[in-house]
Structures are given as structure tokens and as C-alpha cells.
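These numbers were taken from a predicted model, which means no experiment stands behind them. Whatever order the structure lists ligands and atoms in, that order sets their numbers, starting from 1.
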Amino acid sequence: MIVFATASQKGGVGKTTVCINLGHALARRGWNTLLVDTDPQGGIGLSLSKNTRKKRGFYDFMAKGGEARRLIIPTRLPEFSILPSGSADEFMRGTDFENAPEKLRDFLRQIDLLGYDCVILDTAAGMTSMTETVVRGADWIVVPQQAEPLAVRSIPLLMETLSRFRKEGSPVRIAGILLTMVLNTHEASLKVVRELRQMLPPQLLFQQDIPRDNLFLEASAMGLPIALMRKNPPATALIFDQLAAELEERTGLGDRKEQDHSHASLLD
Ligand SMILES: Nc1ncnc2c1ncn2[C@@H]1O[C@H](COP(=O)(O)OP(=O)(O)OP(=O)(O)O)[C@@H](O)[C@H]1O
Ligand SMILES: [Mg+2]
């Protein structure tokens with residue numbers, strides 16, 4: 001099982017949107033995928049069930065432990081499930097979550113035993129205590145970054161932080177920086193993208209950018225992947241398929257598929 005998490009210093013850069021749509025794209029590509037909301041104010045899964053707000057979730061597990069599988073909400077796509085954030089009131093009140101790293105390890109071990117190929121952990125912005133725990137516990141980090149001037153400023157600090165976590169024993173590596181909310185019709189936005197691509201090493205940036213598209217506003221109001229917004233998935237949904245393919249290649253997830261000989265059976 002591969003554990004992905006998002007991280008960004010700034011809020012509102014598109015983390016949750018990326019998690020929902022990337023998670024759905026990975027699931028459509030055949031990976032058994034669990035999307036976990038670790039943002040105490042998160043709303044992932046709200047539209048799946050009217051009672052999601054009241055449902056137990058990640059924070060309940062972090063507070064009390066128990067059986068993680070009981071917190072999972074299935075979706076219509078059998079390969080895609082969601083685990084909501086649950087009740088974060090105690091955490092928000094400042095109650096110290098004792099042994100959070102051990103609890104997270106136990107959580108991920110349980111999820112692994114359930115047969116998931118990937119887990120995507122959506123995080124709250126900044127390095128809050130829980131986001132730090134989650135990032136330290138992840139194998140790969142996806143870093144959504146709004147394509148705007150000065151965007152590059154926060155990158156060195158994030159790289160330093162990740163390299164410190166690794167020195168301290170965390171497996172975490174950066175899968176890539178993902179430029180989001182790119183305005184393809186605005187020269188200023190495209191200029192930022194060009195400049196960032198010149199400035200940063202190619203292996204640090206996903207080739208695929210995420211365009212600004214109002215469909216995301218509509219979709220996030222419902223907590224849905226955009227691929228499920230219309231009967232015929234909009235073209236923007238294909239972007240996440242492309243991103244998922246890139247992620248498979250960057251993290252070695254794709255190698256596992258080849259071991260399945262799924263192509264061979266098609267040719268037989
Ligand atoms: N590519 C996009 N085009 C247009 N709107 C977008 C795009 N990505 C995200 N949005 C919108 O921007 C807002 C913030 O996005 P999102 O919630 O994904 O960011 P976030 O990084 O998770 O925020 P937070 O830090 O508060 O958790 C949402 O209303 C979302 O619908
Ligand atoms: Mg979010």
C-alpha cells in the first residue's frame with residue numbers, strides 16, 4: 001500500500017479538490033483507493049451521506065482507536081471509499097492527542113490489511129500538529145501550488161521541512177508540486193507557469209497542471225469528483241487521469257500493475 005498526503009503552507013490552494021479528483025481517478029484506473037479527511041474542518045464525503053457530519057471518522061480514531069474499517073464509507077465505485085474527518089471538537093479545543101504518530105501507524109496498518117492499494121490523506125493547510133504527523137507518516141507528498149507570482153517562495157521551506165522529517169526517520173518524499181488554478185486564457189497566469197517551470201527542476205513539478213474551471217466550485221459544493229458531475233464526464237476530468245498516470249510512474253505504483261500481466265490477458 002502506498003500512502004499519499006497533500007501539503008501546503010497556504011490554505012485554499014486546491015488540496016481537497018486534488019484529493020477528491022485524484023482519488024477518484026486512481027480508483028477508476030483500478031486501484032483500491034481510500035480517501036481520508038484529516039482536516040478538522042474538512043467536508044469530504046458530505047454529499048455521500050446526509051449524516052456524514054455526524055459520522056465518526058479520522059479524529060475519533062485518533063482520540064480513541066478502535067476498528068478503522070467501521071469508519072469507511074463506500075461509494076458507488078467499488079474501488080473508491082472515503083473516511084470522513086469525524087468529530088474533531090476535542091482536537092480543536094486543544095486536547096493533546098497523545099501518541100498521534102503511533103495511532104496513525106496503527107490506522108494505516110489496519111487500512112493496509114483491508115487490501116487498499118493507496119490511501120490519500122487530505123490535510124489542513126500549514127504544518128499544524130496533525131498535518132505534521134500525517135506528513136511524517138506518508139510515503140509521498142503531493143504539493144498543490146497556486147500558479148501565482150511569488151508562489152515559489154514557500155517551496156524551499158517545505159523542502160527543508162521534508163528533508164528534516166526524513167533525517168528523523170520518516171519515509172516521506174515529494175511526489176511533485178502541482179500547479180493549480182492555472183488560467184489558460186490569461187497571459188499573466190501562463191507566464192507564472194513558464195517561470196516556475198524554468199526555475200524548478202523538472203522532477204519537482206508534475207507535467208500536468210490543473211486549470212481554473214468553475215466546475216470545481218460546483219463540484220466542491222457537493223464534495224464530488226468532477227467526473228461524476230455530468231452524465232458524460234467533462235474534459236477536465238481527463239486531466240486527473242493524466243495526473244494519476246504521472247503519479248503512478250513517479251511513485252512506482254504503476255510497476256505493480258505491470259506485474260499483474262493485465263496487458264497480456266488482453267492480448268491472449
Ligand atoms: N482548479 C480550480 N478551478 C477553480 N476553482 C477551484 C479549483 N481548485 C479548487 N477550486 C476552488 O477553490 C476553493 C478552494 O479549493 P480547495 O478547498 O480544494 O482548497 P484547499 O487547499 O483544500 O483549502 P483549505 O486549505 O481550506 O483546505 C474551493 O471553492 C474550490 O472549489
Ligand atoms: Mg481542504
Side-chain angles (χ1 to χ4, degrees), residues 4-25 35-48 52-53 57-59 82-86 88 91-92 119-135 138 141-148 151 153-155 157-158 161 174-186 188-190 192-193 196 205-230 233-244 246:
F4 299 105
T6 48
S8 78
Q9 211 48 51
K10 264 181 70 176
V13 297
K15 288 182 296 303
T16 302
T17 303
V18 167
C19 284
I20 295 177
N21 289 285
L22 181 62
H24 187 255
L35 172 59
V36 181
D37 194 351
T38 78
D39 180 348
Q41 308 208 35
I44 291 182
L46 276 185
S47 64
L48 289 172
T52 302
R53 267 275 172 253
F58 180 75
Y59 280 89
I82 283 173
L83 200 150
S85 69
F91 178 75
M92 297 287 269
V119 177
I120 303 182
L121 301 155
D122 187 22
T123 57
M127 275 296 161
T128 61
S129 62
M130 191 59 82
T131 298
E132 176 170 336
T133 301
V134 167
V135 168
I141 301 295
V142 174
V143 185
Q145 177 84 63
Q146 219 164 317
E148 59 182 15
R153 283 200 305 189
S154 63
I155 295 172
L157 178 63
L158 183 74
T161 308
I174 185 158
I177 295 169
L178 176 63
L179 299 178
T180 63
M181 307 202 198
V182 176
L183 274 163
N184 282 326
T185 49
H186 281 60
S189 181
L190 294 173
V192 172
V193 173
L196 285 172
L205 277 172
F206 284 103
Q207 270 172 13
Q208 184 65 61
D209 303 332
I210 308 298
R212 183 176 281 277
D213 188 327
N214 284 338
L215 206 53
F216 287 108
L217 285 175
E218 246 179 272
S220 63
M222 294 191 251
L224 278 182
I226 52 167
L228 297 183
M229 293 280 298
R230 307 270 190 272
T236 316
L238 293 177
I239 284 171
F240 283 95
D241 193 54
Q242 189 63 36
L243 182 66
E246 229 186 298

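At least one heavy atom of Val13 sits less than 4.0 Å from an atom of ligand 1. Under a 4.0 Å heavy-atom criterion, Pro211 is in contact with ligand 1.
By the 4.5 Å heavy-atom criterion applied to side chains, Leu179 and Leu196 are counted as neighbours. For the pair Arg153/Gln9, no side-chain contact is recorded, criterion being any heavy-atom separation below 4.5 Å from C-beta on. Contact annotation: the side chain of Phe216 approaches that of Ile226 to within less than 4.5 Å [non-hydrogen atoms, C-beta and beyond]. Contact of the Ile210 side chain with the Val182 side chain is not registered, since no non-hydrogen atoms from C-beta on lie closer than 4.5 Å. Two residues are said to be in side-chain contact when any heavy atoms from C-beta on lie closer than 4.5 Å; Phe91 and Met130 meet this criterion. Two residues are said to be in side-chain contact when any heavy atoms from C-beta on lie closer than 4.5 Å; Leu190 and Asn184 meet this criterion. At a threshold of 4.5 Å between non-hydrogen side-chain atoms, the residues Phe58 and Leu83 count as touching. Considering only heavy atoms from C-beta on, Asp39 stays 4.5 Å or farther from Ser85 through its side chain.
Given atom 17 (O) of ligand 1, the protein heavy atom at minimum distance is Thr16 CB, 4.0 Å. Looking only at heavy atoms of the protein, atom 6 (C) of ligand 1 is closest to Phe216 CB, 3.7 Å. Of all protein heavy atoms, the one closest to atom 23 (O) of ligand 1 is Gly12 N, 3.0 Å. Scanning all protein heavy atoms for the shortest distance to atom 20 (P) of ligand 1 gives Lys15 N, 3.5 Å. Closest protein heavy atom to atom 19 (O) of ligand 1: Gly14 N, 3.0 Å. The protein non-hydrogen atom at the shortest distance from atom 31 (O) of ligand 1 is Ser220 OG, 2.6 Å.
Any N or O atom pair closer than 3.5 Å counts here, and Thr17 shares at least one such pair with ligand 1.
Atoms of ligand 1 found under 4.0 Å from any heavy atom of Gly11, numbered from 1 in the order shown, are 25 (O). The distance from ligand 1 to the heavy atoms of Ile210 drops below 4.0 Å at these ligand atoms: 1 (N). Taking a cut-off of under 4.0 Å to the non-hydrogen atoms of Ala125, the atoms of ligand 1 that pass are 25 (O). Within ligand 1, the atoms closer than 4.0 Å to a non-hydrogen atom of Leu217 are 11 (C), 29 (O), 31 (O), numbered from 1 in the order shown. Residue Asp39 approaches ligand 1 through these ligand atoms, each under 4.0 Å from one of its heavy atoms: 27 (O).
Across every non-hydrogen atom of Val134 and Ala5, the tightest pair is CG1-CB, 4.1 Å.
The line from OG1 of Thr236 to CG of Asp241 is 13.0 Å long, rounded to the nearest 0.5 Å. Atom CG of Leu121 and atom NZ of Lys15 lie 13.5 Å apart (nearest 0.5 Å). With rounding to the nearest 0.5 angstrom, the CG atom of Asp122 is 4.0 Å from the CD1 atom of Ile44.
A donor-acceptor pair shorter than 3.5 Å can be found between the side chains of Thr6 and Thr123.
Applying the ring pair (Phe, Tyr, Trp, His ring centres under 6.0 Å) criterion to Phe206, with sequence neighbours excluded, gives no partner residue.
Only the backbone of Asp213 comes within 4.0 Å of ligand 1, counting heavy atoms alone; no side-chain atom from C-beta on gets that close. No part of Val18 comes within 4.0 Å of ligand 1, judged by heavy-atom distances.
Distance screen at 4.0 Å: atom 2 (C) of ligand 1 has a protein heavy-atom neighbour inside the cut-off.
Of the options Met181, Glu218, Gln41, the smallest heavy-atom separation from atom 12 (O) of ligand 1 is shown by Met181.
Excluding water, every protein N/O/S atom under 2.8 Å from the Mg ion (ligand 2) is given here by residue and atom: Thr16 OG1.
A side-chain hydrogen bond (donor to acceptor under 3.5 Å, both in side chains) with Lys10 is found for exactly one of Gln146, Gln145, Glu148, namely Glu148.
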